[in-house]
Chemist: 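Take a look at the following structure, please.
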Amino acid sequence: MYYDTQSAPRPDNGGKTKVWKIIALVLLLLCALPVLIPVALCVAGGVLVVALCVAGAALTAVLCVAGGVICAGLCVLGGLLCLALLQLAALIGIGFGVVLLFQTPASGLAILGTSLLMTGAGALCWIALWQLVKLLVKGFRALVNWISRRLFGRRGAKQESERTQAMNGNFGSEGPEMNMPETETTAADEEVRTDITEVGKGADEDE
């Protein structure tokens, strides 16, 4: 048997070089702490300030949008409430004008005519608002349908094109295979015809 009599190489200094390197690195880090700590604090402060700025900007944008939506909703609600109160006042004015018509005809006719005019204007406003709401609903549906067609239509067209390409590739790969048997059959027919011709020539020569 073969025994390896050579021992593994050992460091001449017994590993003291690594120990001194570690000690030197630790001393270097201790000496650099007065510089590293302020730099780390500055970097952390900068990252924190940037994160706070981004969060503040996002919160401000959300609050602005929410405030705009709330203000628009309150304005619409206030307008509807004013229109409803105006319609109610017009109806009350019609009744008051009818009652006043028997006491002072001129004042009764004036109040009655004004109340009827306000009632008609209120009815037209309600009809216009209803048509506007229907138009907004239709526009929102059309926008949703257009976005869905733009998003899913491209995917469907892409999938359809991929399917078409795959089918064309399959047909193209099957074409030569389908033509091979015809070629082989033609070659076999030619060989048979050649054998028959040779046999016929041999029979003629025997005669």
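Atoms considered below: every heavy atom in the structure, side chains included; atoms not considered: hydrogens, waters and symmetry mates. Numbering starts at 1 and runs along the sequence shown.
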Chemist: Supply the atom-to-atom distance Cys82 SG to Leu77 CG, rounded to the nearest 0.5 angstrom.
Modeler: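 Answer rounded to 0.5 Å: 9.5 Å.
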Chemist: Any donor-acceptor pair under 3.5 Å linking the side chain of Ser115 with the backbone of Leu112?
Modeler: no
Chemist: Can you sort out the partners of Leu80 under side-chain contact (heavy atoms from CB on, under 4.5 Å), two or more places apart, ordered by chain and number?
Modeler: Val76, Trp126, Leu129
Chemist: What's the shortest heavy-atom distance between Leu100 and Ser107, and which atoms?
Modeler: CD2-CB, 3.7 Å
Chemist: Please report the closest heavy-atom contact between Ala90 and Thr119, naming both atoms and the distance.
Modeler: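 Looks like CB-OG1, 3.3 Å.
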Chemist: What's in the same ILVMFWY side-chain cluster as Ile127, cut-off under 4.5 Å, chained through other members?
Modeler: none
Chemist: Other than Ile92, which residues form its hydrophobic cluster under the rule that side-chain heavy atoms must be closer than 4.5 Å?
Modeler: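 So far as hydrophobic clustering goes, Ile92 is joined with Leu88.
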Chemist: As an exercise, state the distance from CD1 of Ile70 to CG of Leu63, rounded to the nearest 0.5 Å.
Modeler: 9.0 Å
Chemist: Taking all non-hydrogen atoms of both residues, which atom of Met118 and which atom of Gln87 are closest, and how far apart?
Modeler: O-OE1, 4.1 Å
Chemist: Working to the nearest 0.5 Å, report the span between CD of Gln131 and NZ of Lys134.
Modeler: 5.0 Å
Chemist: Which value, rounded to the nearest 0.5 Å, describes the distance between Leu36 atom CG and Leu41 atom CG?
Modeler: 11.0 Å
Chemist: Looking at CH2 of Trp20 and CG of Leu25, how far apart are the two atoms once the value is rounded to the nearest 0.5 Å?
Modeler: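 Those atoms lie 14.5 Å apart.
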Chemist: Would a 4.5 Å heavy-atom cut-off, applied to side chains only, mark Leu85 and Leu81 as touching?
Modeler: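 Result yes, sub-4.5 Å side-chain heavy-atom pair found.
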